[in-house]
Number of protein chains: 2
Amino acid sequence: MTKIITLSREFGSGGRELGRLLAEELGYTYYDREILDIIAQQTQMEPQYIEKSLEKGVNIPLRYGRSFSYYASTSPNTIKLLVIQQAIIKEIATKSNCVIVGRGANAILRDYSPFSIFVYADMESKLARCKRRAPAGENLTYKEMKKKIKEIDGARAKEMSLLSNLKWGDKENYHLCLNTSGVDLPNIAPTVAQYAQYWLGG
Amino acid sequence: MTKIITLSREFGSGGRELGRLLAEELGYTYYDREILDIIAQQTQMEPQYIEKSLEKGVNIPLRYGRSFSYYASTSPNTIKLLVIQQAIIKEIATKSNCVIVGRGANAILRDYSPFSIFVYADMESKLARCKRRAPAGENLTYKEMKKKIKEIDGARAKEMSLLSNLKWGDKENYHLCLNTSGVDLPNIAPTVAQYAQYWLGG
């Protein structure tokens with residue numbers, strides 16, 4: 001049986017970086033956007049189109065006044081892609097030891113006994129990280145960035161609720177929740193890897 | 001400056017055992033019920049009386065129908081003891097490196113930069129642990145034990161809300177949240193100690 005780490009994270013908390021570090025540390029295969037490429041290969045669709053479709057269905061919040069809402073219905077295309085993504089996640093999880101970031105993998109792989117991590121941080125740290133790592137040309141104010149963080153996290157929560165009855169970010173659904181505020185990720189990765197390794201049996 | 005680990009925990013999750021193991025592993029002083037003895041020395045009151053008073057004020061939930069409620073007012077004696085306990089926790093925290101279990105220490109010591117852990121587990125694991133560790137003569141059914149667990153945790157949450165505006169068990173208020181379901185504590189203690197040590201600076 002393969003060893004699987006799933007890593008869910010708040011936007012800006014450094015979860016993706018930690019995922020990569022854990023994969024390197026343990027010699028596991030790392031999956032994040034790589035999953036989009038696999039869907040593209042299988043469906044002959046463009047990765048950008050797939051990404052957009054998946055986002056369109058589950059990731060773009062609408063606003064009504066001061067509260068959030070979401071598209072009431074998910075397009076058939078998006079549902080199809082979610083189903084394909086689900087199958088691919090199950091497939092890669094049985095192929096080799098791996099770290100899978102996001103995509104509701106901890107819910108999808110529930111029966112495969114993954115070690116599931118949730119990474120979070122305080123807003124100040126997330127804003128600082130987003131500022132440091134902003135793509136060239138993006139020049140959001142802190143207020144706009146905060147809004148973006150909340151929207152993306154809201155969409156992740158929504159995606160999880162479509163996939164399962166688990167609540168995104170509820171500590172009960174994870175084996176380890178890590179607050180990365182003020183933490184240097186390369187410094188903690190070996191210890192987290194060691195903990196995961198204990199949990200996954202050696 | 002001393003190094004401080006605070007450990008909050010759900011009843012039955014093994015938090016106290018983990019606290020002891022961390023203290024041993026790191027050579028830190030361990031405090032839990034020891035704090036009652038210090039209050040007793042300072043006040044010349046009986047530890048049992050102190051414990052009861054602290055419990056009476058913040059720890060005994062009342063039931064109204066199917067929901068919980070608490071004593072609306074906290075007795076002056078309890079408030080006095082809470083204030084003394086708070087001062088003692090601050091005193092011991094500056095005396096030597098330590099692990100402090102429960103008593104809202106993470107809220108009380110907020111300005112002392114403790115490394116704060118929250119330990120939790122699924123209900124099944126907590127029930128199994130309580131069954132294994134039940135005091136001689138206690139023979140609760142699983143239903144009664146579940147009720148006890150919920151009551152004690154409710155009281156801990158209440159204590160925290162009296163001490164601060166932090167919400168007990170909210171992962172945002174801790175640096176590390178550990179799910180101990182199915183975990184052998186002596187096996188994980190060294191890794192957790194290592195993580196704490198990194199966080200506390202060496």
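Chain A is the first sequence line, chain B the second, and so forth, proteins listed ahead of strands; every chain is numbered from 1.
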Legend entry - Pairs of heavy atoms under 4.5 Å with chain B: top-ranked of A121(A), S181(A), G169(A): G169(A)

Inset, instruction - Tell me, yes or no, whether the heavy-atom count around E124(A) atom CD, taken from other residues, nucleotides or ligands under 6.0 Å, exceeds 12. - result: no

Legend entry - Heavy-atom neighbours of K167(A) NZ exceed 12 at 6.0 Å: no

Legend entry - Contact origin within Y195(A) toward chain B - heavy atom pairs under 4.5 Å: both

Inset, instruction - Please say whether the positively charged group of K131(A), taken as NZ for Lys or CZ for Arg, lies over the ring of Y142(A), i.e. under 6.0 angstrom from the six-membered ring centre and within 45 degrees of the axis. - result: yes

Inset, instruction - Heavy-atom pairs under 4.5 Å with chain A are the metric here; pick the option from T180(B), L176(B), V192(B) that has the most. - result: L176(B)

Legend entry - Leading residue by heavy atom contact count with chain A [cutoff under 4.5 Å; candidates D122(B), D184(B), D170(B)]: D184(B)

Legend entry - Check: C98(B) main-chain N/O paired with Y31(B) side-chain donor or acceptor under 3.5 Å: no

